[in-house]
Peer 1: 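Once you've had a glance at the structure underneath, I'll fire off some questions.
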Amino acid sequence: MHPLVWNVDPDIFSLGAFHLRWYGLFFALGFFLGYLIMAQFYRREERPLENLSDLLLYLFLGTIIGARLGHVFLYQPDYFLSHPWEIPMIWQGGLASHGGFAGVMISLYLYLRKHRDISFIELADRLAIPCLLAAALIRVGNFFNSEILGTPSNLPWAIVFARVDDIPRHPAMLYEAAAYFLVFCALYVAYWKTTIIQFPGRVFGTTIATCFLARFMIEFVKENQVPFESRLPLNMGQLLSIPFILLGVYLIYASRRMSTLAR
């Protein structure tokens, strides 16, 4: 059985210097669908929809800036400190999801300094659900870019990323996309069908615990992004995931107490 060969052009089309890329399309789709889902939540809870446009702007900037700086300082600090003019060049690749998560948290804090109609943890609980869908779509964008490659594999679903090499590999980015999408589906249904949202921190905690645990496990079948990771007992993605897993477990544990205090 021959492995699937993936050789899709990352560009949908180009017009002069303008390039419309699959990655950018999936990134934008994640934000668009996330806005629609948050609007559903706000309508159900009778919250002001006009605040969502501001929230989207804060999140967009926080995600991009955080993800870029995360990659710069966590994965390639030596290179970018000697080439600082390349830091804004995000179209050349180099976004770190852990940095993006930190950027989102900072953007929420800044947003809530202006909009005080909802608490940080309440907003994080609701926002976590559409963020899962956005994260899944971004990983599909990585697939179209033939990046975040898995290790060599002989499994039936191994894929040859022809733009990189001729080695069948784990489609690690699709593993992550599937994990995030499954957690999204579970929590989206739970929001509508259960009382989970009444326990502050439970949705947010479940999101970061399950997703970063999935990330930790999938890293075992991913190629290292930078050479220095080969000298570490765990790679950078795994090391950075551990505190988020622990925070998620703590939030799940503490959510019942926070629910009691909220009442």
Side-chain angles (χ1 to χ4, degrees), residues 30 33-34 37-38 41 59 62-63 66-67 70 74 95-109 112 118-140 142 148 150 170 172-222 225 229 232-262:
L33 294 178
I37 292 169
M38 284 296 290
F41 296 166
L59 291 174
T63 301
L74 295 174
L95 299 175
S97 57
H98 294 89
F101 178 85
V104 167
M105 294 298 100
I106 294 170
S107 66
L108 289 189
Y109 169 76
L112 290 170
I118 189 171
S119 72
F120 181 92
I121 197 65
E122 286 176 321
L123 182 55
D125 276 337
R126 287 149 182 82
L127 188 62
I129 299 174
C131 279
L132 285 164
L133 178 59
L137 290 169
I138 287 170
R139 283 295 181 251
V140 175
N142 294 136
I148 311 185
H170 285 281
M173 72 295 283
L174 295 184
Y175 296 167
E176 283 192 61
Y180 301 155
F181 184 70
L182 288 173
V183 180
F184 160 74
C185 291
L187 290 178
Y188 182 77
V189 171
Y191 172 87
W192 292 102
K193 300 295 185 181
T194 73
T195 60
I196 192 172
I197 203 66
Q198 296 175 19
F199 296 88
R202 185 164 296 183
V203 172
F204 183 46
T206 301
T207 297
I208 59 177
T210 56
C211 288
F212 283 105
L213 178 60
R215 172 72 182 272
F216 183 92
M217 299 305 295
I218 294 168
E219 289 290 330
F220 284 112
V221 294
K222 284 170 64 174
Q225 295 190 51
E229 290 182 284
L232 301 174
L234 298 172
N235 69 25
M236 185 61 74
Q238 291 172 315
L239 293 173
L240 293 172
S241 293
I242 291 172
F244 291 113
I245 295 169
L246 296 176
L247 174 61
V249 172
Y250 168 76
L251 288 172
I252 295 169
Y253 173 78
S255 62
R256 185 173 295 277
R257 181 172 58 86
M258 286 192 283
S259 177
T260 302
L261 292 175

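Heavy-atom basis, side chains included; hydrogens, waters and symmetry copies ignored. Just so you know, these numbers come straight off a predicted model, no measurement behind them.
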Peer 1: Side chains of K222 and R215, heavy atoms from C-beta outward: is any pair under 4.5 Å?
Peer 2: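 SC-SC contact between K222 and R215 confirmed.
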Peer 1: How long is the straight-line distance from CG of L234 back to CD of E219, given to the nearest 0.5 Å?
Peer 2: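 Spacing of CD (E219) from CG (L234) equals 10.0 Å.
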Peer 1: For the CG atom of L137 and the CG atom of N142, what is their distance to the nearest 0.5 Å?
Peer 2: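 Here the rounded value is 11.0 Å.
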Peer 1: Could you tell me the separation between the CD1 atom of I148 and the CD1 atom of I138, rounded to the nearest 0.5 Å?
Peer 2: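 Taking CD1 in I148 and CD1 in I138, the distance rounds to 10.0 Å.
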Peer 1: Going from CD1 on I129 to OG1 on T206, what distance comes out if it is rounded to the nearest 0.5 angstrom?
Peer 2: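 Rounded to the nearest 0.5 Å, the CD1-OG1 separation comes to 10.0 Å.
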Peer 1: Between M38 and R126, is there a side-chain heavy-atom distance shorter than 4.5 Å?
Peer 2: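 Sidechains of M38 and R126: in contact.
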Peer 1: Would you call D125 and R202 a side-chain contact if the rule is heavy atoms closer than 4.5 Å?
Peer 2: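 When only atoms from C-beta onward are counted, R202 and D125 do not touch, as no gap falls below 4.5 Å.
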Peer 1: Looking only at non-hydrogen atoms, find the nearest pair between S255 and G201 and report the distance.
Peer 2: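 Minimum heavy-atom separation between S255 and G201: CB-C, 4.2 Å.
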Peer 1: From F216 CZ over to L239 CG, what is the distance, rounded to the nearest 0.5 angstrom?
Peer 2: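 The CZ atom of F216 sits 8.0 Å away from the CG atom of L239.
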Peer 1: Below 4.5 Å, heavy atoms only, C-beta onward: do M105 and F120 meet side chain to side chain?
Peer 2: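 Heavy-atom side-chain distance check passes, below 4.5 Å.
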Peer 1: Using residues 180-191 as the side-chain source, report each donor-acceptor pair under 3.5 Å to any protein atom, sequence neighbours left out, with the distance given to one decimal.
Peer 2:
| from | atom 1 | to | atom 2 | distance (Å) |
| --- | --- | --- | --- | --- |
| Y180 | OH | E176 | OE1 | 2.7 |
| Y188 | OH | Q40 | OE1 | 2.7 |
| Y191 | OH | E45 | OE2 | 2.6 |

Peer 1: Are more than 12 heavy atoms, taken from residues, nucleotides or ligands other than F220, located less than 6.0 Å from that residue's CZ atom?
Peer 2: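 More than 12 within 6.0 Å, yes.
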Peer 1: Which heavy atom of L59 sits nearest a heavy atom of S107, and at what distance?
Peer 2: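 The pair with the smallest heavy-atom distance is CD2-OG, 3.6 Å.
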Peer 1: For G34 and P130, which heavy atoms make the closest approach, and how far apart are they?
Peer 2: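 Looking at all heavy atoms of both residues, the closest pair is CA-CB, 3.5 Å.
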Peer 1: How long is the straight-line distance from CG of L246 back to CG of L251, given to the nearest 0.5 Å?
Peer 2: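 If I round to the nearest 0.5 Å, the distance is 11.0 Å.
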Peer 1: With sequence neighbours left out, what residues match E122 under side chain to side chain donor-acceptor pair (under 3.5 Å)?
Peer 2: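 E122 satisfies side chain to side chain donor-acceptor pair (under 3.5 Å) with S119 only.
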